[in-house]
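The structure appears right after this line, and notes come after that.
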Amino acid sequence: MQSVRKENGLTQEQLAELAGISERTLRSIEAGTGNPSFAAVLSTAAILGIKISVER
């Protein structure tokens, strides 16, 4: 997500605000660390136009 965020000219602060999440949560999503909520990942992806699919 970090590369797409940068391609869109957004800072972490801007994207976090648009997605309604904290910058800390966004940093963990981009770094692949922590345990962000699925809703946080989905809202961030939606803003960036990234399709997320879940398979079982």
Side-chain angles (χ1 to χ4, degrees):
M1 285 192 187
Q2 182 180 30
S3 62
V4 177
R5 173 182 59 78
K6 288 181 177 182
E7 286 172 10
N8 284 285
L10 294 169
T11 65
Q12 285 182 330
E13 180 181 10
Q14 291 168 327
L15 180 54
E17 184 174 331
L18 290 169
I21 61 174
S22 70
E23 284 183 68
R24 181 178 179 178
T25 299
L26 179 59
R27 284 192 300 272
S28 72
I29 292 169
E30 288 187 348
T33 61
N35 191 19
S37 71
F38 191 61
V41 174
L42 283 179
S43 65
T44 304
I47 301 247
L48 296 174
I50 297 172
K51 183 178 177 182
I52 303 274
S53 64
V54 178
E55 295 184 25
R56 185 176 172 174

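Below, each value reflects all heavy atoms present in this structure, side chains not excepted, and no hydrogens, waters or symmetry copies.
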query: Is any side-chain heavy atom of Leu15 closer than 4.5 Å to a side-chain heavy atom of Ile21?
result: no
query: Hey, are Ser28 and Thr25 close enough side-chain-wise for a donor-acceptor pair under 3.5 Å?
result: no
field: Separation of Ser43 OG from Leu26 CG (nearest 0.5 Å)
entry: 9.5 Å
field: Distance in Å, Arg5 CZ paired with Ile47 CD1, rounded so as to fall on 0.5 Å steps
entry: 13.0 Å
- prompt: What are the two closest heavy atoms between Ala19 and Thr44, and how far apart are they?
  reply: CB-OG1, 3.8 Å
message: Testing the basics here: between Val41 and Pro36, what is the closest heavy-atom pair and its distance to 0.1 Å?
response: CG2-CG, 4.1 Å
query: For the atom pair CG (Leu48) and CG (Leu18), what is the distance rounded to the nearest 0.5 Å?
result: 9.0 Å
Side-chain donor-acceptor contact under 3.5 Å, Glu30 with Gln12: yes
field: Considering all heavy atoms, the nearest Gln14-Gly9 contact
entry: OE1-O, 3.7 Å
